[in-house]
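Here is how names work: the chains are called A, B, and so on, in the same order as the sequence lines, proteins then strands, and each is numbered from 1.
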Protein chains: 2
Amino acid sequence: MTTKLHRATIRDVAERATVSVATVSRVLNGSERVTGATAESVRLAAEQLGFRLNSIGRNLRSTKTQTIGVILPTLTHPVFADCLQAIEIAASAAGYSVTIATTSYDPANEEAASERLLRNRVDGLILTVANANKSKLLEKLDRESKPYVLVYNEPTGAAKHRPSVGVDNRLAAKQITEHIIAAGHRNLRMISGPFAQSDRARSRARGFADAVAHAKLELTEPLQVDFMRTDVRAQLFEAMSARPAPTAFFCSSDQLAMRAMHSLRSLGFRVPDDVSVAGFDGISLGEWLTPALTTVVQPTHEIADTAFGLLKSLIDGERHLGSARLHHTLRIGGTVAQPTTTLIHPTQKGTL
Amino acid sequence: MTTKLHRATIRDVAERATVSVATVSRVLNGSERVTGATAESVRLAAEQLGFRLNSIGRNLRSTKTQTIGVILPTLTHPVFADCLQAIEIAASAAGYSVTIATTSYDPANEEAASERLLRNRVDGLILTVANANKSKLLEKLDRESKPYVLVYNEPTGAAKHRPSVGVDNRLAAKQITEHIIAAGHRNLRMISGPFAQSDRARSRARGFADAVAHAKLELTEPLQVDFMRTDVRAQLFEAMSARPAPTAFFCSSDQLAMRAMHSLRSLGFRVPDDVSVAGFDGISLGEWLTPALTTVVQPTHEIADTAFGLLKSLIDGERHLGSARLHHTLRIGGTVAQPTTTLIHPTQKGTL
DNA sequence: AGGAATAATGTAAACGTTTACATTATGGGC
DNA sequence: GCCCATAATGTAAACGTTTACATTATTCCT
């Protein structure tokens with residue numbers, strides 16, 4: 001319990017227990033059998049010296065770090081925060097540490113972030129990139145055959161081999177759009193994050209288009225809004241000025257849906273009375289809204305667990321195990337309602 | 001660009017550039033001056049070999065890891081997720097990596113999480129513990145004089161010396177409670193996370209009591225709800241059955257406020273018509289609600305930046321620089337309104 | 001009791017850097 | 001052209017582990 005200037009090393013422990021460093025290592029790792037008495041005296045010595053194994057020494061020698069890197073666009077979006085949390089829990093249960101990096105949706109940051117992680121010699125990576133089909137970062141990982149698993153991304157075409165875990169975005173988007181159409185809407189508009197920053201958004205737009213086409217309705221170009229910067233309100237004002245005006249919006253994320261509802265309401269439209277809104281993600285906050293948000297629920301927890309499990313297998317040297325499409329569900333809240341047959345355009349309360 | 005079985009080391013680079021390893025190290029770290037031509041040839045060799053510095057070797061030698069550990073109760077709560085994100089941005093700008101751990105509000109996990117981080121030899125820690133005054137973990141960090149900075153925690157008494165960054169919880173709670181009282185409420189109730197798991201909750205309860213006492217109103221015991229487990233609805237039903245029934249709730253977090261509003265509404269109470277609700281934190285989602293949540297806004301970003309700056313100073317060996325109380329603001333939304341003079345108790349639509 | 005098989009422990013060489021210290025090259029003043 | 005100061009580079013020893021291999025102790029047969 002004496003305060004030492006420099007921490008005790010394995011050598012100090014060995015000396016105190018009058019034993020070799022190898023034995024100490026063996027005891028502390030439970031790797032090979034050691035006589036009970038010896039083990040006990042080692043443990044005692046370690047305890048007395050306040051010894052704590054230095055992972056750096058171990059990592060250097062074993063060229064494994066028991067650490068994974070996680071790269072996500074942001075933690076401001078609950079979907080990613082929750083996912084990260086679940087990954088952390090799974091990882092620490094398996095004895096892994098988690099080092100994080102966020103990119104703010106900027107591919108340039110993906111590069112810098114990954115370099116930092118790779119210098120730290122993480123054993124593998126779990127990440128969401130802007131575009132899983134065309135990514136400098138993923139090419140690098142492939143080239144160096146560094147284990148990784150994508151989450152939420154849905155690589156296609158030539159990139160289909162890239163291991164990924166997520167839902168079938170296109171199908172899910174199609175289904176929730178069908179739900180909106182089934183409620184009676186004929187003029188739908190999608191609100192999406194920037195396609196350049198999110199391949200998910202693109203897949204969801206495709207699903208939206210599928211449903212619209214199948215119902216033989218007119219397809220309007222998705223409204224792309226920048227997550228972080230722009231004022232959604234102005235864009236929505238414009239969208240609502242179109243004739244015929246949309247009676248329902250499908251948003252590419254719950255966060256976007258919440259912002260859209262906020263803006264619509266501040267423009268004088270009631271949700272869902274005047275205009276319906278649906279989201280995508282299934283963040284728990286959405287349930288606590290009144291009315292609750294109608295949305296697609298992604299199994300965040302399962303995605304995280306599956307991704308970590310997959311990554312662990314890859315780290316352990318198993319050959320490519322494929323990707324996983326997990327089941328989504330629709331959560332029918334109260335934000336999608338029948339459209340009013342004759343929509344009286346409300347007074348524009350808000351000024352722009 | 002040739003795929004190497006094992007990554008190139010600094011020695012390979014030295015050999016290829018016909019130069020010593022020391023020179024390579026110097027070039028790659030820009031630490032000492034090296035002739036331009038030599039530097040160029042080293043860089044070229046490194047490039048050709050696809051060399052990437054191995055932090056582990058460096059860490060071992062320098063006994064610094066350029067990594068900080070962050071321990072938080074959860075990432076499910078946007079306040080912590082946002083804070084972590086801001087910490088990560090500040091850290092990476094300063095060349096630091098961030099390794100995370102979550103505790104699910106359980107002090108037992110604090111112990112395990114910190115051990116993992118300390119084995120990894122993080123240079124310092126930013127953390128939120130259950131109780132900053134009485135914490136095994138903090139005692140350990142003090143004893144080992146490992147740099148750390150608390151966020152959100154507000155150590156008092158004998159623990160006052162512990163570096164921390166946050167707002168004045170007691171004052172902030174008092175002020176927002178005063179706001180509720182000023183709206184005309186006479187029967188207030190606090191809804192709090194478990195005191196045992198959050199010293200913030202305790203401080204906020206004290207501030208609530210301050211305001212209530214100052215207005216000469218009757219103080220009721222705070223309603224403690226377990227963040228993760230319990231069904232808030234049943235507890236709220238009971239709370240609303242008291243006579244006189246509370247007309248306003250002050251919640252110790254925004255998340256709790258949202259859940260409370262949801263439960264109250266499902267029990268048939270309108271917010272804010274029948275009952276007012278205020279929160280604490282200032283998560284951005286709160287602004288997007290309709291009506292917007294009335295709450296205390298903590299400057300999350302600033303808290304994170306200040307904490308990291310403080311930690312960096314401590315790591316760099318500066319002597320104790322004290323703690324920081326940052327400014328909070330009230331965000332007046334629409335969830336707190338005048339109480340109805342004669343409250344007609346609504347039919348209990350919900351069944352328990 | 002003697003020896004073979006096996007279990008327990010020890011020895012020492014990595015792992016990939018950084019950095020004191022030693023050495024060699026360069027340039028300037030006379 | 002020589003010497004000295006100074007700049008550039010090299011040498012080799014750490015940093016704290018793990019682990020292949022070598023050695024010693026123990027056990028079990030016969």
Side-chain angles (χ1 to χ4, degrees), chain A residues 4-43 45-46 49-67 95 97 116 118-123, chain B residues 4-43 45-46 49-67 95 97 116 118-123:
Chain A
K4 310 201 79 76
L5 205 60
H6 263 320
R7 283 206 78 79
T9 98
I10 202 174
R11 240 170 280 273
D12 301 326
V13 177
E15 194 172 340
R16 186 173 242 270
T18 50
V19 100
S20 78
V21 291
T23 301
V24 176
S25 175
R26 285 190 270 252
V27 170
L28 269 28
N29 294 303
S31 45
E32 287 169 72
R33 38 187 156 188
V34 178
T35 307
T38 324
E40 214 30 69
S41 81
V42 167
R43 262 187 282 272
L49 291 169
F51 173 73
R52 178 156 46 221
L53 233 125
N54 184 333
S55 299
I56 303 173
R58 171 207 298 239
N59 295 346
L60 183 55
R61 169 61 213 226
S62 59
T63 65
K64 295 244 157 256
T65 55
Q66 296 280 106
T67 298
S97 292
R116 190 156 41 77
L118 291 172
R119 270 200 304 273
N120 286 334
R121 294 302 190 267
V122 293
D123 291 339
Chain B
K4 309 202 79 76
L5 205 59
H6 263 319
R7 284 205 78 80
T9 96
I10 201 174
R11 237 171 283 272
D12 301 326
V13 178
E15 194 173 341
R16 185 172 243 269
T18 49
V19 99
S20 78
V21 291
T23 300
V24 176
S25 174
R26 286 190 271 253
V27 171
L28 267 29
N29 294 302
S31 45
E32 287 169 73
R33 37 185 155 191
V34 177
T35 306
T38 325
E40 214 30 71
S41 82
V42 166
R43 263 188 281 272
L49 291 169
F51 173 72
R52 177 154 49 220
L53 249 164
N54 184 333
S55 298
I56 302 173
R58 171 206 298 237
N59 296 346
L60 184 56
R61 168 62 212 222
S62 60
T63 66
K64 295 243 157 261
T65 54
Q66 296 279 105
T67 299
S97 292
R116 189 156 41 77
L118 290 172
R119 269 200 304 273
N120 286 335
R121 293 302 190 268
V122 293
D123 292 339

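Applying the side chain to side chain contact (heavy atoms under 4.5 Å, CB included) rule to B:V34 yields the partners B:T23, B:R26, B:V27, B:T38, B:A39; only residues at least two apart in sequence or on another chain are considered. In this view, A:R52 and B:E115, B:E144 satisfy the side-chain hydrogen bond (donor to acceptor under 3.5 Å, both in side chains) rule, not counting sequence neighbours. Taking B:R43 as the reference, B:E40 meet the salt bridge (Lys or Arg N to Asp or Glu O under 4.0 Å) condition, with sequence neighbours excluded. In this structure A:N29 satisfies the side chain to side chain contact (heavy atoms under 4.5 Å, CB included) test together with A:S25, A:S31, A:R58, sequence neighbours excluded. In terms of the salt bridge (Lys or Arg N to Asp or Glu O under 4.0 Å) criterion, residue partners of B:R116 (sequence neighbours excluded) are, by chain and number, A:E88. The side-chain hydrogen bond (donor to acceptor under 3.5 Å, both in side chains) search around B:R16 returns B:Q48, not counting sequence neighbours. Residues forming a side chain to side chain contact (heavy atoms under 4.5 Å, CB included) with B:S55 (at least two apart in sequence, or on another chain): A:R119, A:N120, B:N59.
Atom CZ of residue A:R121 and atom OG1 of residue A:T67 lie 13.0 Å apart, to the nearest 0.5 angstrom. Put simply, CD1 on A:I56 and NZ on B:K64 are 10.5 Å apart, with the number rounded to the nearest 0.5 Å. Within the model, atoms OG of B:S20 and CD of B:E15 stand 12.5 Å from one another, a figure rounded to the nearest 0.5 Å.
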Show me the protein contacts with nucleotides 5-7 of chain C, counting only N or O atoms at under 3.5 Å.
| residue | atom | partner | partner atom | Å |
| --- | --- | --- | --- | --- |
| C:dA7 | OP1 | A:R33 | NH2 | 3.3 |

List, with names and distances, any nitrogen or oxygen atoms from the protein found under 3.5 Å away from nitrogen or oxygen atoms belonging to nucleotides 25-28 of chain C.
none

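The shortest heavy-atom contact between B:L28 and B:F51 is CD2-CE2, 3.3 Å.
Taking the nucleotide of DNA chain D with the nearest heavy atom to each of A:S25 and B:A39, the more 5' of the two is matched to B:A39. Along DNA chain D, the nucleotide nearest to B:L60 and the one nearest to B:R26 differ in position, and the one closer to the 5' end is contacted by B:R26. Residue whose closest nucleotide on DNA chain C sits further toward the 5' end, between B:N29 and A:T35: A:T35.
Of the residues in residues 16-24 of chain A, A:V19, A:S20, A:V21, A:A22, A:T23 come within less than 4.0 Å of DNA chain C through at least one heavy atom, sorted by number.
For DNA chain D, the span of nucleotides reached by chain A at under 4.0 Å from its heavy atoms goes, 5' to 3', from D:dG16 to D:dT19.
Taking five base pairs at each end of the helix from C:dA1-D:dT30 to C:dC30-D:dG1 and finding the rotation axis that steps the C1' atoms of four pairs onto the next four gives two axes whose angle is 40°, to the nearest 10°.
As judged by a 4.0 angstrom heavy-atom cut-off over every strand, A:T38 is placed among residues touching the sugar-phosphate backbone only.
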Note to self: Quick one, B:V19 with B:V24, criterion side-chain contact (heavy atoms from CB on, under 4.5 Å). Give me CA distance, side-chain angles, the key distance, then yes/no.
What the structure shows: CA-CA 7 Å; B:V19 99; B:V24 176; 3.6 Å; yes
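B:T9 places a side-chain N or O within 3.5 Å of a backbone atom of B:R11 that can act as its donor or acceptor partner.
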